[in-house]
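Keep in mind that the numbers below use all heavy atoms, side chains included, and drop hydrogens, waters and symmetry copies. Each chain gets a letter, A, B and so on, in the order its sequence line appears, and its residues count up from 1.
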Protein chains: 2
Amino acid sequence: MRQIAGEVGVQAGALYNYTPDKQSLLFRLMRDHMDGLLAARAERGDGGGALDRLEDFTRFHIRYHIERPNEVFIAYMELRNLEPENFAVIERLRGEYESELEGILRDGVAEGVFHLTDPKIASLAVIAMLTGVNTWYRPQGRLTLDDVETLYWDMVRGAVGAAV
Amino acid sequence: MRQIAGEVGVQAGALYNYTPDKQSLLFRLMRDHMDGLLAARAERGDGGGALDRLEDFTRFHIRYHIERPNEVFIAYMELRNLEPENFAVIERLRGEYESELEGILRDGVAEGVFHLTDPKIASLAVIAMLTGVNTWYRPQGRLTLDDVETLYWDMVRGAVGAAV
DNA sequence: GTCTATATAGGGATAGAC
DNA sequence: GTCTATCCCTATATAGAC
């Protein structure tokens, strides 16, 4: 709290005009992040076949997360510091996001364009793979964000068993 | 330190007969974990074609990490609490592990059994996907560990562009 | 709305007795 | 090798002045 206050330019006590306690502040940060993620995702058109929707999801996920490294870092590293009720809320929001990907995968299987046995596990695997970009990507690196999107899209397409 | 002492059954001060300070204790935990991982990996035979070696790596990684949830949790969540020199050591060990996978992928490309453009990125993507199992797998769940290995091996094989 | 001051708690680490 | 006791620092949160 003192560090936040310092960077904002006030004393620690002054922060309590804006949050009842530290837990509420952390929870709001994480819930806002998840709300923003779901809202941004909802704005993307969900038309087209499963292959196109999966490509859109892949590129969206990488870009949205890379542009918000601090929020993503907190969303993962501070999960353990949420009180049980708050944790449940964040987990539910995360589940919503995962469900959208799972739906795309199920549709793709039904369409015959994806070949996989467990859409639920596949959705978790894909999201873990994509979010992993945040651990190594640097804007000054050898790859542009577009390069990264394309590399990962190739791997995701293969992982779900889409015809080459 | 008080919590560790309590679970061991001694007072906090007594721990300092075994570690000079908390940072050293954390560093030793993490270094031992990485040493154990590399040693266990080195014991697996590295013969055969790239496809077989990749399957072995995939199954090994999932199983080794699932059997050590606490160490893996610490290895990821406490990275930010390592002092710079200690951090560098852990990162070097992690890089060794990643390099082995990268080598398998390069060999597979050379053999013509894998089709991917960036073995380095692919190795990071695969490891992120595999380590993600630790966030959701529960021994009492609907899938056996062998089921999980097979599901992920199918996805890894696809992600690296191995012929179906 | 911010400040200073402070209550309260907890953690890392050390000293010295046994 | 462990204990008790304690030093010192930091942290969250509150109270009351301005």
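Atom-to-atom, NZ of B:Lys22 to P of C:dA13 comes out at 7 Å; the value is rounded to the nearest Å. Look at CG on B:Asp21: it is 17 Å from P on C:dG11, rounded to the nearest Å. The CG atom of B:Leu15 sits 13 Å away from the P atom of C:dG11 (whole-angstrom rounding). Rounded to a whole Å, the CG atom of A:Leu25 is 14 Å from the C1' atom of D:dA13. In this structure, the OH atom of B:Tyr16 is 15 Å from the C1' atom of D:dA5, given to the nearest Å.
Between the side chains of B:Asp21 and B:Ser24, a donor-acceptor pair is found at a separation under 3.5 Å. For the 3.5 Å distance criterion, the side chains of B:Thr150 and B:Asp147 fail to qualify, holding no donor opposite an acceptor.
More than 12 heavy-atom neighbours from other residues, nucleotides or ligands sit within 6.0 angstrom of CZ on B:Arg44. Annotation for A:Glu67: atom CD counts as buried by contact number, over 12 foreign heavy atoms lying within 6.0 Å.
Of the charged side-chain nitrogens involved, none lies within less than 4.0 Å of a carboxylate oxygen, so that A:Glu55 and A:Arg157 do not count as a salt-bridged pair.
Between the side chain of B:Asn134 and the main chain of B:His65, a donor-acceptor pair closer than 3.5 Å is present.
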What are the atom names and distances for every N/O pair under 3.5 Å that joins the protein to nucleotides 2-5 of chain C?
from	atom 1	to	atom 2	distance (Å)
C:dT2	OP2	A:Tyr18	OH	2.7
C:dC3	OP2	A:Gln11	N	2.6

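For C:dG12, its base sits under 3.5 Å from the side chain of B:Arg2 at one donor and acceptor pair at least.
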